[in-house]
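Working notes, beginning with the structure itself.
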Amino acid sequence: MLGYKNVERVKPSGLELVDKLVGVQRVTKVTKGGRAFGFSAIVVVGDSNGVVGHGLGKSKDVSSAIAKAVEDAKKNLVRIPLLKGTLPHEQKGKFGGAKVFLKPASNGTGVIAGGAVRAVLESVGVHDVLSKSQGSSNPHNVVKATFDALLQLRSADTIARQRGISLEKVFNG
């Protein structure tokens, strides 16, 4: 998440964060004494108002893996620019073999997304969006591809500041 410009990191203190479990996988390590089972959990946390983070936790039991994932997610919170309950513009994201396309939608459309993409978008606080997930359906890669798309979003204010022009010129330019 550090390779993006204009990413605003957020401290978890004072935020009402809600966590969503995206997936839990049972993993196996084969040793000379047999198989050792463990669990890997991926979680998305957000305040439904533009702040979101994701985390991964691993442990011998499910509940502690989820707890570790939530703690990891709280350390990786970022602010995403929203515009009237949707996204400011279309954006594509990619991570590994997963590709995600996000498109703003008119009021009342709802979150048209599945699985891991829906969990991330609902945690951010997006109410109206169209999305398409292509390639890998691995929840880890889909979550990271969705974050890739969200972290590339720029608000009109940010674009005006970067270009050194007024906000009116951005729209009338």
Side-chain angles (χ1 to χ4, degrees), residues 1-25 40-57 62 65-159 162:
M1 282 198 270
L2 296 174
Y4 299 95
K5 296 176 183 171
N6 307 319
V7 173
E8 183 188 342
R9 296 287 223 169
V10 180
K11 298 263 190 256
S13 57
L15 292 174
E16 286 290 321
L17 296 173
V18 178
D19 53 279
K20 289 186 192 280
L21 180 65
V22 176
V24 177
Q25 288 81 31
S40 164
I42 187 162
V43 171
V44 175
V45 300
D47 71 344
S48 298
N49 199 15
V51 174
V52 69
H54 67 90
L56 176 67
V62 176
I66 293 170
K68 286 180 181 182
V70 169
E71 288 305 310
D72 187 37
K74 287 180 181 177
K75 293 175 186 172
N76 296 314
L77 293 175
V78 290
R79 185 169 302 282
I80 304 297
L82 298 179
L83 181 67
K84 298 177 187 168
T86 188
L87 306 175
H89 55 85
E90 291 181 2
Q91 192 61 58
K92 291 180 181 175
K94 186 176 186 304
F95 187 89
K99 294 179 191 144
V100 172
F101 175 68
L102 303 175
K103 183 177 179 180
S106 60
N107 195 13
T109 304
V111 178
I112 310 296
V117 179
R118 175 179 286 270
V120 174
L121 293 174
E122 287 176 349
S123 294
V124 173
V126 176
H127 301 296
D128 304 299
V129 68
L130 302 167
S131 75
K132 178 70 180 166
S133 178
Q134 296 175 315
S136 170
S137 60
N138 175 347
H140 295 272
N141 287 349
V142 172
V143 165
K144 290 173 184 171
T146 307
F147 267 83
D148 179 46
L150 290 174
L151 290 171
Q152 292 178 53
L153 291 174
R154 299 187 301 167
S155 67
D157 296 333
T158 307
I159 292 170
Q162 287 174 342

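Every residue meeting the side-chain contact (heavy atoms from CB on, under 4.5 Å) condition with D19, not counting sequence neighbours, appears here in chain and number order: V43, V45, V70. Qualifying side-chain contact (heavy atoms from CB on, under 4.5 Å) partners for N141, counting only residues two or more places apart in sequence or in other chains: F95, A98, S136, N138.
Taking CD from Q152 and NE2 from H89, the interatomic distance works out to 8.5 Å, rounded to the nearest 0.5 Å. The structure places NE2 of H127 at 8.5 Å from CG of L82, a figure rounded to the nearest 0.5 Å. Within the model, atoms NZ of K103 and OG of S131 stand 12.0 Å from one another, a figure rounded to the nearest 0.5 Å. Between the CG atom in L121 and the OG atom in S48 there is a gap of 11.5 Å [rounded to 0.5 Å].
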Quick one: side chains of residues 106-117, donor-acceptor pairs under 3.5 Å with protein atoms, not counting sequence neighbours, listed by atom name and distance.
{"unit_1": "S106", "atom_1": "OG", "unit_2": "T109", "atom_2": "OG1", "d": "3.4"}
{"unit_1": "T109", "atom_1": "OG1", "unit_2": "S106", "atom_2": "O", "d": "2.6"}

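When all heavy atoms are compared, the tightest approach of Q25 to H140 is OE1-NE2, 3.2 Å. Between A149 and Q91, the closest heavy-atom pair is O-CG, 3.2 Å. Nearest heavy atom pair, residue K20 against residue A119, reads CD-O, 3.7 Å. Of all the heavy atoms in A41 and A69, the pair that sits closest is O-CB, 3.6 Å. Taking each heavy atom of K92 and D148 in turn, the nearest pair found is O-OD2, 4.4 Å.
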Subject >> Verdict with supporting geometry, I80 and V78, side-chain contact (heavy atoms from CB on, under 4.5 Å) >> reply: CA-CA 7 Å; I80 304 297; V78 290; 4.1 Å; yes

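Using a 4.5 Å heavy-atom threshold, the side chains of P104 and E90 count as touching. K68 is not listed as a side-chain neighbour of E71, based on a closest heavy-atom distance of 4.5 Å or more. In this structure, H54 and S123 have side chains that are not in contact, with every pair of non-hydrogen atoms separated by 4.5 Å or more. Residues L77 and L17 have side chains in contact (heavy-atom distance under 4.5 Å, counting atoms from C-beta outward). By the 4.5 Å heavy-atom criterion applied to side chains, L102 and L153 are not counted as neighbours. Within the 4.5 Å cutoff, the side chain of V124 has no heavy atoms near those of the V44 side chain.
Judged by distance alone, with hydrogens and angles left aside, the side-chain atoms of D128 form no donor-acceptor pair with the main-chain N or O of T86 at under 3.5 Å.
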